[in-house]
Amino acid sequence: GGFLGLPPSKVPIVDVGINLTHKSFAKSLGDIVDRSIAAGVTTLIITGTSEAGSEAALKLAQTFKPKTPLAAAPPDAKQPRLLYSTAGVH
């Protein structure tokens, strides 16, 4: 099942503020992304809240490859982009 035992969504879900660059997620990053994909999330936007954090978010968005392919793409197709980033100073 999906999030909270609900079936995966049939419509695209976008997480607009995921803080994947925080050190507490370093060891479980792949699992977090895999669970998001399983729940039907199609886009994760990594939040940058400082200059260094925004640079880290951009690098992660450009380089991270999920273990689980997105369901929206056929197995032999190029995978659509999953991760994007924001840049901001708060």
Side-chain angles (χ1 to χ4, degrees):
F3 180 69
L4 297 177
L6 298 170
S9 177
K10 302 270 189 232
V11 297
I13 299 173
V14 177
D15 186 333
V16 298
I18 190 162
N19 191 5
L20 291 179
T21 57
H22 191 274
K23 63 184 177 185
S24 65
F25 299 122
K27 292 182 181 176
S28 58
L29 182 61
D31 293 333
I32 292 167
V33 173
D34 284 345
R35 286 194 308 269
S36 297
I37 293 170
V41 176
T42 59
T43 304
L44 298 166
I45 302 175
I46 307 164
T47 304
T49 58
S50 66
E51 183 177 351
S54 297
E55 289 173 359
L58 177 61
K59 182 177 180 181
L60 182 60
Q62 291 175 331
T63 62
F64 183 81
K65 303 290 186 242
K67 295 181 285 184
T68 303
L70 291 173
D76 58 342
K78 181 180 178 188
Q79 285 293 300
R81 189 161 172 202
L82 172 68
L83 298 176
Y84 295 83
S85 66
T86 64
V89 178
H90 303 275

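Predicted model only: the values in this text are computed from it and were never measured.
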| Under a 4.5 Å cut-off applied to non-hydrogen side-chain atoms, are Val14 and Val41 in contact? | no
| Say you draw a straight line from CG of Leu29 to OG of Ser24; how long is it, rounded to the nearest 0.5 Å? | 10.5 Å
| message | I'd like to know if the side chain of Ser54 reaches the main chain of Gly88, judged simply by a donor and an acceptor atom lying under 3.5 Å from each other, with no hydrogens or angles considered. | response | yes
| said: Using every non-hydrogen atom in the two residues, find where Thr86 and Ala57 come nearest and quote the distance to one decimal. | reply: O-CB, 4.4 Å
| Is there side-chain contact between Thr21 and Asn19, with at least one heavy-atom pair below 4.5 Å? | yes
| request: Could you pull out the closest heavy-atom pair between Ser85 and Ile45, with the gap in Å? | output: C-CG2, 4.2 Å
| Taking the side chain as C-beta and beyond, is there a heavy-atom pair between Ile46 and Tyr84 under 4.5 Å? | no
| query | Is there a side-chain contact between Thr49 and Thr47, using heavy atoms and a 4.5 Å cut-off? | reply | yes
| What are the two closest non-hydrogen atoms of Phe64 and Gly30, and how far apart are they? | CZ-CA, 4.0 Å
| Heavy-atom side-chain proximity of Ile37 to Leu82 below 4.5 angstrom | yes
| task | Just do the side chain to side chain contact (heavy atoms under 4.5 Å, CB included) check on Leu44 and Ser36 with the steps written out, would you? | result | CA-CA 9 Å; Leu44 298 166; Ser36 297; 4.1 Å; yes
| said: Treating Ser50 as the side-chain partner and Gly53 as the backbone partner, does any N or O pair qualify as donor plus acceptor under 3.5 Å? | reply: yes
| query | Looking at side-chain heavy atoms only, is the closest gap between Leu20 and Leu60 below 4.5 Å? | reply | yes
